[in-house]
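Just so it is clear, the model here is predicted, and its values are computed rather than measured. First the proteins, then the strands, lettered A, B, ... as listed; each starts at 1.
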Amino acid sequence: MSKSKDFLRTIVEEDLKSGKYKEVVTRFPPEPNGFPHIGHAKSIVINFGIARDYHGHCNLRMDDTNPTTEDTKYVEALKDAVQWLGFDWGNSVHFTSDYFPKLYDYAVELIKMGKAYVDSLTEEEIREYRGTVTEAGRRSKYAQRSIEENLDLFERMKKGEFKDGEHVLRARIDMSAANMKMRDPLLYRIRHAHHFRAGDEWSIYPMYDFAHCLADYIEGVTHSICTLEFENNRDIYNWVLDTLGLKPPRPYQYEFARLNINYTVMSKRKLLELVEGGQVSGWDDPRLPTIAGYKRRGYTPESILNFCDGIGIAKANSMVDVAQLEFSIRDDLNTKVPRVLCVLDPLKVTIVNYEGSEEIEASYYPHDVPKEGSRKIPFSKDIYIERDDFMENPPKGYFRLTPEQPVRLRHGYIISCKEVIKDTNGNIVEIKAEYHPDSKSGSDTSGIKVKSAIQWVSAKEAKTVEVRLYDRLFKEEAPEGVEDINPDSLQVIKNALIEPAVITEKPDERFQFERQGYFYADPINYSDEHPVFNKIVGLKDSWGKKKKTGEPVPKPQAKKVQIDGEVVAMSEEQQALFDKYTNALGLNSEVANTLARDEQLSSFYEEALAVLNSPVGLANIVSNDVARELKEKQANELKFNAKQIAELVKMVDDATISNKIAKQVFEEMVKSGENPTQVVKDKGLVQISDPSIIAPIIDEIIAKNPDNVAKFKAGNTKLLGFFVGQVLKATGGKANPKVVNELVAEKLK
RNA sequence: UGGGGUAUCGCCAAGCGGUAAGGCACUAGUUUUUGGUACUGGUAUUCGGGGGUUCGAAUCCCUCUACCCCAUCCA
């Protein structure tokens, strides 16, 4: 498998390789306050998947720190989802509430360290004191309480001596932090509420930011993977663990983009609204993106798993096309499921020249699905076909039955339309047809060519079934709420007709109704007396698509105009420097701009310039490479100095080394702080410019890549870079690229 | 507006200085007793915009733009 791995797996692999952890431990930590949806599935697949791939384990942990919203019924739904997807959480499900005593002790420890205090501001005051994104907040006067007082108050909070909201425990961090989350975050609040597991034992409950990192630590989690909106919380995560000085190893948090799918909603709040508002029949309504919904609809766990693998993991907010999900389920079911005949909208057909009855042996699977199994389909003179499959005045390209065009009854005979019977309103109510006796499927000697084979059922033996046709719940690609609901998301067909074997033999619970789609025997409402099938997904329909594309699809797609914003003006000193650089030293304006605007860079540059009079060469390396290092570090933290950079540039000026090698040497200097001359000497990096040495290498490369030579000669000039790259690789980067370029160009002419 | 993120095809997504992977969707054709499947081909001279460095930039530097997250005693 050359499938590239995602950034999380890359991190995990590195951590394992470096010995940071002996074993990888992840966790799936939902809050049990709602039904899991396909976004959770993504998280489950990531967390359990990584644990599986790297032979570690993944805990299922209920993050139950808020007693007012959580419930045990959600715990069950969550367990169900994980299990259904095929993952194993080991011996037991974990609960953050199990750690409440330990968490309390950690909080006490923080208080003793002077790192946490009991605050008694009101909720509004706390908000007010926090400041805004642009203004610093200010600390509460209660932050001055002594450790003893804090300890006492906190203990009494625990004992339940105070009312809800009277006090909170806060971390003492920084009320003016640019990251709002770090402005003395709340650690505990008072809640005289019944917890679905802890009962009434506690009157204080830990906040997410305090509980989550510690729960991870307690469980020995190594990689704490969550969604993007927790990026800002990572600082607290680290603060708590670091401040407590816990024994390593400890977990680190990484974030990925949550899943969005078009034409659906994924937020717990909106899902709850739909369920409570009665827009859907419950958490397991087949139109919902809940796991329970997909399960009820007939999706397989494999299809969800494949979908999650297919969409990848990254940090960019994105909206996945439902078509991708639909592909996953079709792709999975295609090779698994029996094909049967079902008529959704029946049109009576009387075969006037057929008498009696017979049974036709028909395979459940098409030729390209390597599965065994067949059933008998009854045939007689009275049958039903799909109303869509007959047209009196067909458009061009219509393959089905018409007054002029015969059609094959799937697995059966070819029939021709003889007469169209209509009611008084002109609606077609029946077709009189003739069958061709020598055209039976498998032993056709009629020589009649038909364009298609259609589904049908024998009137007498067919079973009546209810079929529920589901479509997307919303008509808008990015729905806001109930106003965007698709009014046709559910169509119930009470009297569909299906061949009897489906009901009597029950060869499976999922079927392909030929030419229509995949269907699932509803696990709740299905009974032998009243069979009910849910449409999982339709088959791809290139005919339907072709019909629709009658009207032109206009694509206004105005090219987006990029507006360039104002660049911040330079200060006077910066402007003076800029002028000096461009005028006296001959730097181009971009380089001069970079240098002049950055104090550290310009002084570094000046220093190097004092050693070596090579203004342009120095400016380039300082404004590009040194700048990169100075982004993360202060000048005095660098392992190399201006003098060494001057030395490096001198070698480039001398043509001792090429620019490419200079970069390589620079990297080494960043790491070790060694002198450039020494690095060049140690690694033998002196550049090769002698054509007589380079030429044979080029010949070799050319000989090895005849295809690319041909492509190049055919006009693919990009390949020049390929050849140069190869030669440079062969020489360990030492060949003089300019010389190589000229030589290659010449040889390939 | 301060901070933190993210921009590569219609939708996802690889790529980490040397020929712009792959999947979905779309499209053309072959096979087909499912207008399904399978198979074959076509789909980015270009990586949010503009500059710069380099023989060579999606990748390094500068700068601008757009979008997302943060001011719950939710998670």
Peer 1: OP1 or OP2 of B:rG35 sitting under 4.0 Å from any side-chain N/O of A:Arg515?
Peer 2: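 So the side-chain polar atoms of A:Arg515 do come within 4.0 Å of the phosphate oxygens OP1 or OP2 of B:rG35, strictly under.
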
Peer 1: Would you say NZ of A:Lys729 has more than 12 non-hydrogen atoms from neighbouring residues, nucleotides or ligands within 6.0 angstrom?
Peer 2: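 Atom NZ in A:Lys729 is not packed in, count stays at 12 or less.
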
Peer 1: Could you tell me whether the phosphate oxygens of B:rA14, OP1 or OP2, come under 4.0 Å of any side-chain nitrogen or oxygen in A:Arg9?
Peer 2: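 The answer is no; no side-chain N or O of A:Arg9 sits under 4.0 Å from OP1 or OP2.
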
Peer 1: Show every salt bridge (charged side-chain N to carboxylate O under 4.0 Å, His left out) that has at least one partner inside residues 709-719 of chain A, sequence neighbours left out.
Peer 2: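 Of all non-adjacent pairs touching residues 709-719 of chain A, none passes salt bridge (charged side-chain N to carboxylate O under 4.0 Å, His left out).
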
Peer 1: Side-chain N or O of A:Arg330 versus OP1/OP2 of B:rG36: is the shortest distance under 4.0 Å?
Peer 2: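 So the side chain of A:Arg330 is outside the cut-off, no N or O lying under 4.0 Å from OP1 or OP2 of B:rG36.
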
Peer 1: Side-chain N or O of A:Arg189 versus OP1/OP2 of B:rA75: is the shortest distance under 4.0 Å?
Peer 2: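 For B:rA75, OP1/OP2 do have a side-chain N/O of A:Arg189 under 4.0 Å.
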
Peer 1: Which is it for A:Asp625 and A:Lys663 under the salt bridge (charged side-chain N to carboxylate O under 4.0 Å, His left out) test, yes or no, and what are the steps along the way?
Peer 2: CA-CA 8 Å; A:Asp625 301 277; A:Lys663 299 244 181 209; 3.6 Å; yes

Peer 1: Nucleotides 42-46 of chain B: which of its N/O atoms have a protein N/O under 3.5 Å away?
Peer 2:
from   : atom 1 : to       : atom 2 : distance (Å)
B:rU46 : O4     : A:Lys718 : NZ     : 2.8

Peer 1: State whether A:Lys181 places a side-chain N or O below 4.0 Å from either non-bridging phosphate oxygen (OP1 or OP2) of B:rG4.
Peer 2: no

Peer 1: Would you say CZ of A:Arg258 has more than 12 non-hydrogen atoms from neighbouring residues, nucleotides or ligands within 6.0 angstrom?
Peer 2: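 No, the 6.0 Å shell around CZ holds no more than 12 heavy atoms from other groups.
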
Peer 1: What one-letter contact string describes nucleotides 48-59 of chain B from 5' to 3', where B marks a base within less than 4.0 Å of any protein heavy atom, S marks contact via sugar-phosphate atoms alone, and - marks no contact?
Peer 2: BS-BBSSB----

Peer 1: Looking at every strand, decide which applies to A:Glu514 at a 4.0 Å heavy-atom threshold: base, sugar-phosphate, or nothing.
Peer 2: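 Answer is base: heavy atoms of A:Glu514 come under 4.0 Å of a base.
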
